[in-house]
Asker: 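Structure provided below as structure tokens; questions to follow.
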Amino acid sequence: MAEYKTVRKNAQDQFVEKRSRFIGYACPVQTEQEALDFITSKKSEHWDASHNVYAYILRDGTMRFSDDGEPQGTAGLPMLEVFKREGVENVVCVVTRYFGGVLLGTGGLLRAYTKSAKDALDAAGIAAVRRWVKLEVGCPYSLFERMKTECLSLDGAVQNVDYGADVLLSLLLPENNAEAFSARVTELSAGACSALAVGEELMPVRIK
């Protein structure tokens with residue numbers, strides 16, 4: 001399966017702009033029905049809001065958005081553009097607005113809905129869904145930071161660190177980069193350390 005990026009978890013954030021309160025929600029989904037169910041739940045939760053704007057994008061190319069009464073093109077579409085810029089899929093976002101009595105204008109609405117969607121994505125975190133190789137590397141403390149740097153430079157992630165006489169790092173590397181990382185471990189340690197593959201798994205891992 002080709003790798004892709006999505007949000008890591010269900011999350012929310014909010015801010016106030018000229019007395020209007022914007023609450024952004026982001027959630028990972030697998031199907032359009034899941035996206036629609038999430039939207040329905042937020043509309044029910046915020047039944048008294050001025051607007052419940054939404055956007056979602058799926059891996060199969062499905063993209064939908066609604067301005068929910070805001071001026072056309074000022075709300076749902078900017079949220080969808082945030083997804084595209086971040087490169088995420090299988091995600092739905094709902095931005096709830098409680099109108100504060102001050103008109104924001106077209107530009108103000110564009111900025112507010114863009115910010116709310118981006119803030120919600122940041123709160124949720126972005127994860128890469130790919131096949132990861134699990135590696136363990138034991139090394140002296142003098143090489144600890146260098147090993148982490150090499151892992152991150154190859155799009156890897158540090159899953160766990162055990163501190164003892166030496167350091168034991170549990171790492172995740174994209175399957176295409178695992179061999180290159182293993183070679184770097186041998187090179188950096190002059191053959192004293194090695195990366196041991198202990199398994200592999202298809203899963204989301206936070207990258208941002």
Asker: Checking the side chain of S182 only, and the main-chain atoms of A178 only, is there a donor and an acceptor separated by less than 3.5 Å?
Answerer: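 Yes, because the side chain of S182 sits within donor-acceptor range (under 3.5 Å) of the backbone of A178.
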Asker: Would you check if E200 and W132 make a side-chain contact, meaning some heavy-atom pair closer than 4.5 Å?
Answerer: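 In short, these two side chains do not touch, never coming nearer than 4.5 Å.
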Asker: How about I23 and H46: do any of their side-chain heavy atoms sit closer than 4.5 Å?
Answerer: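 Yes. Closest side-chain heavy atoms under 4.5 Å.
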Asker: Considering non-hydrogen atoms only, spot the tightest contact between F99 and V102 and give its length.
Answerer: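 That would be CE1-O, 3.4 Å.
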Asker: Given V137 and L168, is the side chain to side chain contact (heavy atoms under 4.5 Å, CB included) satisfied, shown in steps?
Answerer: CA-CA 6 Å; V137 178; L168 179 64; 6.0 Å; no
Asker: For a 4.5 angstrom cut-off between non-hydrogen side-chain atoms, does V29 reach V91?
Answerer: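 V29 vs V91: side chains apart.
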Asker: Do you reckon L173 sits in the same ILVMFWY cluster as L152, going by side-chain contacts under 4.5 Å, direct or chained?
Answerer: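 In one cluster with L173: L152, no.
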Asker: Could you tell me whether the side chain of R8 reaches within less than 4.5 Å of the side chain of V129, counting heavy atoms only?
Answerer: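 A side-chain contact under 4.5 Å is absent here.
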Asker: If I take atom CZ from residue R184 and atom OG1 from residue T149, how far apart are they, to the nearest 0.5 angstrom?
Answerer: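 OG1 of T149 is found 10.5 Å from CZ of R184.
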Asker: Looking only at heavy atoms, which two atoms of A35 and Y56 are closest? And how far apart?
Answerer: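 It is CB-CG, 3.8 Å.
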Asker: For R111, check side chain to side chain contact (heavy atoms under 4.5 Å, CB included) against everything at least two apart and list the hits.
Answerer: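 Checked R111 against side chain to side chain contact (heavy atoms under 4.5 Å, CB included); zero matches.
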Asker: Please check if the side chain of S66 supplies one atom and the backbone of V53 the other of a donor-acceptor pair under 3.5 Å.
Answerer: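 Side chain of S66 to backbone of V53: no pair is present.
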Asker: So, do Y163 and F144 sit near enough that their side-chain heavy atoms are less than 4.5 Å apart?
Answerer: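 Yes. Closest side-chain heavy atoms under 4.5 Å.
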Asker: Mind running side chain to side chain contact (heavy atoms under 4.5 Å, CB included) on V161 and S170 for me, showing each step along the way?
Answerer: CA-CA 6 Å; V161 180; S170 297; over 6 Å; no
Asker: Give a yes or no on whether the backbone of E86 and the side-chain of K5 come within a donor-acceptor separation of less than 3.5 Å.
Answerer: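 Yes; at least one donor-acceptor contact below 3.5 Å.
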Asker: Going through the checks in order, is the side chain to side chain contact (heavy atoms under 4.5 Å, CB included) test met by L172 and V133?
Answerer: CA-CA 6 Å; L172 297 171; V133 176; over 6 Å; no
Asker: How many angstroms lie between atom OH of Y25 and atom CG of D119, to the nearest 0.5 angstrom?
Answerer: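 One gets 14.0 Å once the value is rounded to the nearest 0.5 Å.
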Asker: Please report the interatomic distance CG(L143) to CG(L188), rounded to the nearest 0.5 Å.
Answerer: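 Separation between the atoms: 7.0 Å.
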Asker: Do C151 and F181 come within less than 4.5 Å of each other through their side chains, counting heavy atoms only?
Answerer: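 Yes; the side chains approach each other to less than 4.5 Å.
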Asker: Looking at S44 and T40, would you say the former's side chain and the latter's main chain have a donor-acceptor pair under 3.5 Å?
Answerer: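 Not a single qualifying donor-acceptor pair exists.
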Asker: Assess the pair Y54 and F38: is the distance between their ring centroids shorter than 6.0 Å?
Answerer: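 Not under 6.0 Å, so no.
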Asker: Supply the atom-to-atom distance K148 NZ to S153 OG, rounded to the nearest 0.5 angstrom.
Answerer: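 Reported value, rounded in 0.5 Å steps: 13.5 Å.
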Asker: Ignoring hydrogens, what is the shortest heavy-atom contact between E34 and Q30? Give both atom names and the distance.
Answerer: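 Answer, listing the atom of E34 first, then Q30: OE1-N, 2.9 Å.
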Asker: In terms of hydrophobic clusters joined by side-chain contacts under 4.5 Å, are F15 and L109 together?
Answerer: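 Same cluster.
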Asker: For a quick test of reading the model, state the closest non-hydrogen atom pair linking A120 to D13 and the distance between them.
Answerer: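 Taking every non-hydrogen atom into account, N-CB, 4.4 Å.
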Asker: Can you name the residues that form a side-chain hydrogen bond (donor to acceptor under 3.5 Å, both in side chains) with T96, not counting sequence neighbours?
Answerer: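 side-chain hydrogen bond (donor to acceptor under 3.5 Å, both in side chains) list for T96, sorted by chain: N52.
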Asker: Please find the pair of heavy atoms, one from V7 and one from C27, that lie closest to each other, and give the distance.
Answerer: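 Looking at all heavy atoms of both residues, the closest pair is CG2-C, 3.6 Å.
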Asker: Could you check whether any side-chain heavy atom of Y113 comes within less than 4.5 Å of a side-chain heavy atom of D67, counting everything from C-beta outward?
Answerer: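 Contact flag for Y113/D67 side chains = no.
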Asker: Applying salt bridge (Lys or Arg N to Asp or Glu O under 4.0 Å) as the test, list every pair that has at least one member in residues 166-179; sequence neighbours left out.
Answerer: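 Passing the test, one end in residues 166-179: no pairs.
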Asker: Tabulate below the donor-acceptor pairs under 3.5 Å that side-chain atoms of residues 189-199 make, not counting sequence neighbours, or state none.
Answerer:
residue: S189; atom: OG; partner: V185; partner atom: O; Å: 2.8
residue: S189; atom: OG; partner: A192; partner atom: N; Å: 3.4
residue: S189; atom: OG; partner: C193; partner atom: N; Å: 2.9
residue: S189; atom: OG; partner: C193; partner atom: O; Å: 3.4

Asker: Side chains of S20 and R97 only: does a donor on one sit below 3.5 Å from an acceptor on the other?
Answerer: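 S20 vs R97: donor-acceptor pair found between side chains.
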Asker: Assess the residue pair F22 and E17 against the criterion (side chain to side chain contact (heavy atoms under 4.5 Å, CB included)); give the C-alpha distance rounded to whole Å, side-chain angles, the decisive distance to 0.1 Å, and a yes or no.
Answerer: CA-CA 8 Å; F22 292 86; E17 179 69 21; 4.0 Å; yes
Asker: Does T6 reach the main-chain N or O of N90 with its side chain, forming a donor-acceptor pair under 3.5 Å?
Answerer: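 Yes: the side chain of T6 pairs with the backbone of N90.
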Asker: List the residues meeting side-chain hydrogen bond (donor to acceptor under 3.5 Å, both in side chains) with D162, not counting sequence neighbours, and say none if there are none.
Answerer: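 Only N160 meet the side-chain hydrogen bond (donor to acceptor under 3.5 Å, both in side chains) criterion with D162.
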Asker: Of the non-hydrogen atoms in L77 and F65, which two are nearest, and what is the gap between them?
Answerer: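 Closest approach of L77 to F65: N-CD1, 3.5 Å.
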Asker: Using the test side chain to side chain contact (heavy atoms under 4.5 Å, CB included), find all partners of D48 that sit at least two apart in sequence or belong to another chain.
Answerer: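 D48: side chain to side chain contact (heavy atoms under 4.5 Å, CB included) contacts with Y98.
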Asker: Going hydrophobic residue to hydrophobic residue with side-chain gaps under 4.5 angstrom, can you get from V88 over to L80?
Answerer: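 Yes, V88 connects to L80 through the hydrophobic network.
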Asker: Can you tell me how far the CD1 atom of I57 sits from the CZ atom of R59, to the nearest 0.5 Å?
Answerer: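 Going from the CD1 atom of I57 to the CZ atom of R59 covers 11.5 Å.
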Asker: Working to the nearest 0.5 angstrom, can you tell me the gap between C139 SG and L169 CG?
Answerer: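 C139 atom SG to L169 atom CG measures 5.0 Å (nearest 0.5 Å).
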Asker: Tell me whether E150 contacts the main-chain N or O of R146 through its side chain, where contact means a donor paired with an acceptor under 3.5 Å.
Answerer: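 A pair under 3.5 Å: no.
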Asker: Flag the pair E32 / L58 as yes when at least one side-chain heavy-atom distance between them is below 4.5 Å, and no otherwise.
Answerer: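 Sidechains of L58 and E32: in contact.
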